[in-house]
Amino acid sequence: MTAGVRQDPREATRPRTPRRTRLPALLALLIGLAGVGYRLALLLADAPPTNSDEATMGLAALHIARGEGFPVWFYGQAYMGTLEAYLAAPLVALAGPSVLVLRLPTLALYALFLALSWRLTRRLGGDRWFALLVVAVLALGADRVVKNQLIAGGGYPELNPAGVALALLTVSLCAGVAGARLPRRAAAAGAEAAGSVAAGSEAAGAEAAAAAAGAAARLVRWAGWGLVSGLLLWADPLILPFVLALGAVLAALRRRELIGRAGAALAAGLLLGAAPMLLDSLRHGRNPLAAVLTASGADAAATWGERLYGGLVLGPPLGMGFCSPGHCAGWQLWWAPTFVVLLALATTAAWRTLRRTLRPADLGHFPFAANDNSPRSGDDPAGATEWRVSAAVRLALLAGAGAVLAAYTASSAAGRTPVESARYLSVLAVAMPALLWPLRAAARRTGLWPSPRHRDEATGSDRPGHHVDEPEPFNTGDRMRTRAAGVVAVAVLAGMLGTGAVATAGTIGGVPATHAEADRHRVLVDTLGALGVRHVRAGYWTCNRLTFVTGEDVRCAVVDDDLRPGFDRLPEYRRAVDADPDAAWVAPAGSPLAARLDGRLGPGPGTLRMVEVPGWRIYLPRR
């Protein structure tokens with residue numbers, strides 16, 4: 001009589017706890033919106049200042065929007081992909097060329113970076129308050145930081161969100177084997193239900209369908225990992241250390257899976273993402289890596305003292321947003337030794353956690369349940385698998401950060417142009433959750449960090465009590481040292497937020513001057529249009545900026561301060577200018593180029609006459 005009765009799943013009878021927005025999540029949302037709003041306000045005020053390199057990317061976007069060309073590389077060189085131009089091209093097609101339109105995609109990339117950083121911190125096992133701290137640090141916007149995030153000059157705005165996305169995919173692939181385990185479960189369920197009636201076959205069919213969907217979703221994640229990696233390598237190989245380190249984690253923890261369809265999906269995604277770079281290299285025999293090394297100053301001279309000072313002393317404070325616009329005050333350099341110490345402490349902590357939670361039998365296969373988050377009951381009672389994956393990914397992020405810093409310090413760019421070249425360290429922000437981990441752990445052990453009371457829905461990391469990587473003090477001396485470490489950790493965190501806030505205020509203070517300069521440039525463009533000027537000669541930092549904002553109505557050829565031909569990223573512009581006998585000259589007021597052109601002013605034929613606008617001088621030939 002009861003054969004056809006089907007019992008409801010046990011989970012269906014459990015009362016559901018109503019989901020509610022918790023305070024740290026709400027604060028993180030508000031701080032994130034404030035960070036995005038601050039950067040939008042900067043864009044509306046013409047800050048940070050634009051330049052001809054950004055205009056070159058804008059010209060690529062303009063050509064893509066018009067269907068006139070589909071460039072692979074930044075014009076005039078064989079490295080740095082034009083991903084930003086392709087992202088901006090639809091907006092340029094709709095609204096026309098402008099710096100604001102060009103930067104809207106980079107602003108969206110920054111917002112994505114904040115959201116992914118919150119998610120990565122949570123998936124690594126950090127509580128909500130720690131994720132809030134990470135978002136708060138990343139919301140600050142010093143001069144060098146907002147330039148890297150907002151200026152569409154090639155390479156930098158997309159590296160951080162893509163790098164964090166790659167780390168998230170690594171966590172997901174290492175912590176979830178739903179696609180690998182569900183088929184076996186489906187087979188077992190089918191065998192048990194073979195002698196049952198319709199209810200059993202329906203359950204087996206449903207689980208088989210779920211298994212297929214899970215396997216397909218997992219393959220998509222593998223392909224996504226490869227696609228993001230390929231796009232990063234095309235956009236800028238600066239991110240290569242992070243790609244290699246995270247790839248090593250996958251190879252170590254999922255090597256069996258990589259041998260099969262997962263490896264094929266990853267390889268397909270990698271080839272697709274890097275396709276523009278690979279096809280261009282095959283067609284023209286170019287080597288992007290050699291071009292990058294040459295451009296970074298590897299062939300120029302700089303003493304090791306200059307490199308060490310520029311790379312280890314100036315580099316971390318400038319590159320990570322703890323310095324004033326264009327320079328570092330002495331007191332702001334405190335972050336340089338702190339960064340190195342934190343890097344060492346975080347690496348040691350991650351390595352120790354990995355060793356404590358690692359068993360030889362676990363390599364290549366972890367007992368995670370189908371929810372892709374927590375281990376099955378009895379397989380991993382202490383949650384060691386979660387911490388093992390967290391430690392491995394944190395170690396990879398720290399290794400990537402250390403490799404980037406070491407490579408930058410070894411380059412001559414660190415010694416020759418440390419202030420401007422600090423942009424190469426922008427990718428250190430990808431490792432922020434791992435870098436700050438020791439500070440959170442030290443503060444938490446001493447009770448100076450909020451203690452979570454509820455298990456986290458995503459990672460299970462918020463349960464109270466002992467954690468694998470947070471040993472408890474066991475005697476009075478240990479407790480005193482732990483207390484001191486916690487106080488130092490809180491002081492460092494406060495110093496980071498305070499120093500970053502001061503640097504951000506310095507950036508805000510420079511906005512009026514930047515806005516005034518942009519207004520003067522708009523007057524220059526309007527004056528050229530009123531004079532009917534279509535072709536000009538000017539310095540490098542003037543030329544492509546003029547050409548882009550005018551939508552190529554004004555074409556410019558580069559000259560140096562001695563009026564000799566300079567570096568034209570688009571040679572066709574020079575040909576057009578040389579063919580126009582009425583081509584004008586443009587120079588900033590008070591510049592060496594303006595002084596040289598002043599010597600050619602005169603009333604007779606062959607001389608120049610000058611039209612002066614605020615901040616600029618236009619020189620027209622007399623006929």
Side-chain angles (χ1 to χ4, degrees), residues 24 27-28 30-32 34-35 38-39 110 113-114 117-118 120-121 124 126-149 160 164 312-325 327-347 349-350 394 397-398 401-402 404-405 422-423 425-446 448-450 484-508:
L27 291 177
L30 294 177
I31 291 175
Y38 159 63
R39 285 159 176 80
Y110 167 73
F113 173 50
L114 283 186
S117 295
W118 165 276
L120 176 62
T121 305
L124 290 178
D127 56 71
R128 285 182 172 86
W129 289 104
F130 183 53
L132 168 63
L133 172 68
V134 171
V135 170
V137 172
L138 297 178
L140 296 170
D143 177 60
R144 183 70 268 167
V145 168
V146 294
K147 286 179 178 177
N148 294 335
Q149 293 169 345
N160 286 346
V164 175
L312 298 180
V313 178
L314 291 178
L318 275 169
M320 300 185 71
F322 296 98
C323 286
S324 304
H327 73 283
C328 267
W331 68 271
Q332 292 171 320
L333 296 178
W334 72 273
W335 176 247
T338 303
F339 174 82
V340 176
V341 171
L342 275 179
L343 187 64
L345 290 176
T347 301
R394 283 188 283 130
L397 293 175
L398 295 166
V404 167
L405 181 62
R423 65 185 186 275
L425 298 179
S426 64
V427 293
L428 295 180
V430 173
M432 189 65 73
L435 186 67
L436 300 185
W437 199 271
L439 300 178
R440 169 253 192 185
R444 186 171 184 172
R445 283 196 296 267
T446 58
L448 299 175
W449 191 265
V487 172
V488 171
V490 172
V492 170
L493 292 174
M496 290 178 61
L497 295 173
T499 307
V502 171
T504 300
T507 301
I508 296 173

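Keep in mind it's a predicted model, so treat the numbers as computed, not measured.
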Handout entry: Atom of Gly141, atom of Thr507 and distance for their closest heavy-atom approach
Key = O-OG1, 3.6 Å
Problem - Validation row: Phe322, Thr338 side chains within 4.5 angstrom (heavy atoms) - result: no
Practice task
Mind checking side-chain contact (heavy atoms from CB on, under 4.5 Å) for Ala336 and listing every partner two or more places apart, or none if nothing turns up?
Solution key: Pro317
Fill in the blank from the handout: Note: Ala431 and Leu397 closest approach over all heavy atoms is CB-O, 3.7 Å
Exercise for the section: Taking the side chain as every heavy atom from C-beta outward, state whether Trp331 and Thr499 have any atom pair closer than 4.5 Å. Expected result: yes
Completion exercise
For Pro325 and Asp143, the nearest pair of non-hydrogen atoms, with its separation, is CA-CB, 3.4 Å
Exercise for the section: Give the minimum heavy-atom separation between Tyr110 and Ala139, together with the two atoms involved. Expected result: OH-CA, 3.2 Å
Practice task
Over all heavy atoms of both residues, which pair between Leu435 and Ala346 is shortest? Give the atoms and the distance, please.
Solution key: O-CB, 4.2 Å
Practice task
Tell me, please, which residues at least two apart from Val137 pass side-chain contact (heavy atoms from CB on, under 4.5 Å).
Solution key: Leu133, Met432, Leu436, Met496, Leu497
Exercise for the section: To the nearest 0.5 Å, tell me how far Gln149 CD sits from Phe113 CZ. Expected result: 7.0 Å
Handout entry: Residue pair Thr347 / Leu398: nearest heavy atoms and the distance that separates them
Key = N-CD1, 3.5 Å
Exercise for the section: To the nearest 0.5 angstrom, please state how far the CZ atom of Phe339 sits from the CG atom of Leu428. Expected result: 4.5 Å
Exercise for the section: Give, for atom CH2 of Trp334 and atom CD of Gln332, the distance between the pair rounded to the nearest 0.5 Å. Expected result: 11.0 Å
Fill in the blank from the handout: When rounded to the nearest 0.5 Å, the distance separating OH of Tyr38 from CD1 of Ile31 is 15.0 Å
Problem - Sub-4.5 Å side-chain heavy-atom contact between Cys323 and Arg144 - result: no
Practice task
Would you mind reporting whether Leu318 and Leu425 have side-chain heavy atoms less than 4.5 Å apart?
Solution key: no
Handout entry: Test log, rule side chain to side chain contact (heavy atoms under 4.5 Å, CB included), inputs Val145 and Leu140
Key = CA-CA 8 Å; Val145 168; Leu140 296 170; over 6 Å; no
Exercise for the section: Could you grab the distance from atom CZ of Arg394 to atom CH2 of Trp437, nearest 0.5 Å is fine? Expected result: 4.5 Å
Exercise for the section: Report yes if the side chains of Val488 and Leu439 come closer than 4.5 Å at any heavy-atom pair, otherwise no. Expected result: no
Handout entry: Heavy-atom side-chain contact between Trp118 and Leu114 under 4.5 Å
Key = no
Practice task
Identify, with sequence neighbours excluded, every residue that meets salt bridge (charged side-chain N to carboxylate O under 4.0 Å, His left out) alongside Arg39.
Solution key: none
